[in-house]
Amino acid sequence: MEVPSAQSQQVFAPGILRDQVAIITGGGSGIGLATATEMARLGARVAICGRTEAKLTAALPNIETAGADFGTDRAMAMPCDIREPAQVETFVKAVCERWGGVDILVNNAGGQFPSPAQLISPNGFLAVVKNNLVGTFHLCREVANQSMIPRKRGRIINVIAQIYRGFPGMSHTGAARAGVENLTMSLAVEWSQFGILVNAIAPGIIKSSGTERYPAQLLQRGVSQTPLKRIGSCEEVAASIIFLASPAAQFISGATLRVDGAQALWGDTWEIVS
């Protein structure tokens, strides 16, 4: 099966996110950039962050152009290491001071490397957990305290991974992403009193700047274990994120939407690539 075109995923009504403020971590490339661009096209003001300033600078004009129909001051970018609470606090404060608050948080930033578990160093394991789990908590906490709890509204969408048969070959990120899914459910209950909806997206094998760094054998195996027998696109994931941020999902919270071509339900035993 062929991957759908990016244009085919532009299914939401123009203006559906008009003047809502969205923070998207890891917004300089891949799923984050696709989400940021589409949210801007739908009327949102979009703030992206990441660790690489050059990548953010290159991405910003695309987001600004996408939101040009809604006026000026539609996008901002700021370097931020989500593992560092002080940097997260500063970034969220800058967004709130510029645009008055945050309506949507997409925790997309993350990172990992393929490796058999016995070859992952203690520091390597900790680094991946801090990036994927601890950093996500920092953003959730800061956005909730600075904006969503006082305003009693908000949407949080956490991007995890297809972890439902374990994550052999990347046990560090499997553990971290499973932690984020549980955090998603816990916050959905705790923060329901503040009108905050918290959900997760679990992508399968997606063609992005991140997966391009993985060994071809690993990607081919992932596609072979996907019943739809194809790789997914960043735009398909972005459309699912936007659905959870949209008015159509006002009674959905604590859920994880798998965007994986049914990979979680099928597949042979993994042979670890060393």
Side-chain angles (χ1 to χ4, degrees), residues 21-33 35-36 46-53 55-56 59 76-96 102 104-115 120-149 154-163 167 170-188 190-191 196 198-203 206 208-211 213 237 241 244-245 256:
V21 176
I23 284 178
I24 301 171
T25 67
S29 62
I31 291 169
L33 180 55
T35 303
V46 178
I48 61 172
C49 71
R51 283 182 285 175
T52 307
E53 187 170 6
K55 187 182 294 185
L56 297 173
M76 66 175 283
M78 183 173 171
C80 177
D81 185 341
I82 66 171
R83 298 171 298 182
E84 301 297 331
Q87 292 189 34
V88 171
E89 180 182 4
T90 298
F91 172 59
V92 175
K93 183 178 180 180
V95 176
C96 291
V102 179
I104 301 164
L105 168 63
V106 180
N107 283 306
N108 168 72
Q112 55 274 320
F113 53 90
S115 175
I120 300 174
S121 70
N123 284 339
F125 190 92
L126 181 60
V128 170
V129 171
K130 286 182 68 176
N131 201 17
N132 293 294
L133 174 57
V134 179
T136 294
F137 175 74
H138 290 331
L139 260 298
C140 288
R141 177 185 179 278
E142 205 60 52
V143 168
N145 284 335
Q146 286 199 39
S147 180
M148 291 184 177
I149 289 176
R155 305 287 181 96
I156 298 174
I157 300 101
N158 298 321
V159 181
I160 55 170
Q162 198 290 91
I163 53 173
F167 212 149
M170 285 197 274
S171 58
H172 43 15
T173 198
R177 307 290 191 170
V180 174
E181 183 172 39
N182 192 278
L183 178 67
T184 297
M185 294 185 285
S186 298
L187 296 182
E190 286 196 37
W191 290 352
I196 303 171
V198 189
N199 291 292
I201 292 283
I206 305 298
S208 71
S209 56
T211 55
R213 297 194 298 266
V237 180
I241 292 170
L244 290 174
T256 297

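Because the structure is a prediction, the values reported are computed rather than measured.
Across all their heavy atoms, Ile82 and Ala109 have their closest contact at CD1-CB, 3.8 Å. Of all heavy-atom pairs between Met148 and Ile156, the closest is SD-CG1, 3.9 Å. Here the closest heavy-atom approach between residue Val102 and residue Cys96 is recorded as CG2-SG, 4.0 Å. In terms of heavy atoms, Trp191 sits closest to Ala144 at CH2-CB, 3.5 Å. Across all their heavy atoms, Ala36 and Ile24 have their closest contact at CA-CD1, 3.3 Å. When all heavy atoms of Ala59 and Gly28 are compared, the pair lying nearest together is CB-O, 3.7 Å.
Without hydrogens or angle criteria, Asn131 side chain to Ala127 main chain gives no donor-acceptor distance under 3.5 Å. Judged by distance alone, with hydrogens and angles left aside, the side-chain atoms of Thr256 form no donor-acceptor pair with the main-chain N or O of Ala200 at under 3.5 Å. Judged by distance alone, with hydrogens and angles left aside, the side-chain atoms of Ser147 form no donor-acceptor pair with the main-chain N or O of Val143 at under 3.5 Å. No side-chain donor-acceptor contact under 3.5 Å links Thr52 to the backbone of Lys55.
Under the side chain to side chain contact (heavy atoms under 4.5 Å, CB included) criterion, Ala77 pairs with Ile48, Leu56, Leu60, not counting sequence neighbours. With sequence neighbours left out, Arg83 forms a salt bridge (charged side-chain N to carboxylate O under 4.0 Å, His left out) with Asp81. Partners of Ala245 under the side chain to side chain contact (heavy atoms under 4.5 Å, CB included) rule, at least two apart in sequence or in another chain, are Met39, Ile104, Ile157. For Asn199, there are no side chain to side chain donor-acceptor pair (under 3.5 Å) partners two or more places apart in sequence or in a different chain. Applying the side chain to side chain contact (heavy atoms under 4.5 Å, CB included) rule to Ala188 yields the partners Val198, Ser253; only residues at least two apart in sequence or on another chain are considered.
Between Glu181 and Ile163, the closest side-chain pair of non-hydrogen atoms falls below 4.5 Å. Residues Val21 and Val46 form no side-chain contact, since every pair of their non-hydrogen atoms from C-beta on lies 4.5 Å or further apart.
Atom CD in Glu84 sits 15.5 Å away from atom CZ in Phe91 (nearest 0.5 Å). In this structure, the separation between CZ on Arg155 and CD1 on Ile196 is 11.5 Å, given to the nearest 0.5 Å. Rounding to the nearest 0.5 Å gives a distance of 6.5 Å between SG of Cys80 and CG of Leu139. One distance of note links SG of Cys140 with CG of Leu105; it measures 5.5 Å at 0.5 Å rounding. In this structure, CZ in Phe137 is found 11.5 Å from CG in Asn107, a value given to the nearest 0.5 Å. Rounded to the nearest 0.5 Å, atoms CD1 (Ile160) and CG (Leu133) are 11.5 Å apart.
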Q: Apply the test side chain to side chain contact (heavy atoms under 4.5 Å, CB included) to residues Arg177 and Asn132: give CA-CA distance (whole Å), side-chain angles for both, the deciding distance (0.1 Å), then the verdict.
A: CA-CA 7 Å; Arg177 307 290 191 170; Asn132 293 294; 3.1 Å; yes

Q. Is there a side chain to side chain contact (heavy atoms under 4.5 Å, CB included) between Val106 and Thr25 once you walk through the steps?
A. CA-CA 6 Å; Val106 180; Thr25 67; over 6 Å; no

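Ring centroids of His172 and Phe113 are separated by less than 6.0 Å, placing the two rings close together.
Looking only at atom types and distance, the side chain of Thr184 has a donor-acceptor partner in the side chain of Asn158 under 3.5 Å away.
Residue pairs meeting the salt bridge (charged side-chain N to carboxylate O under 4.0 Å, His left out) criterion with at least one partner in residues 124-149, sequence neighbours excluded, do not occur; the list is empty.
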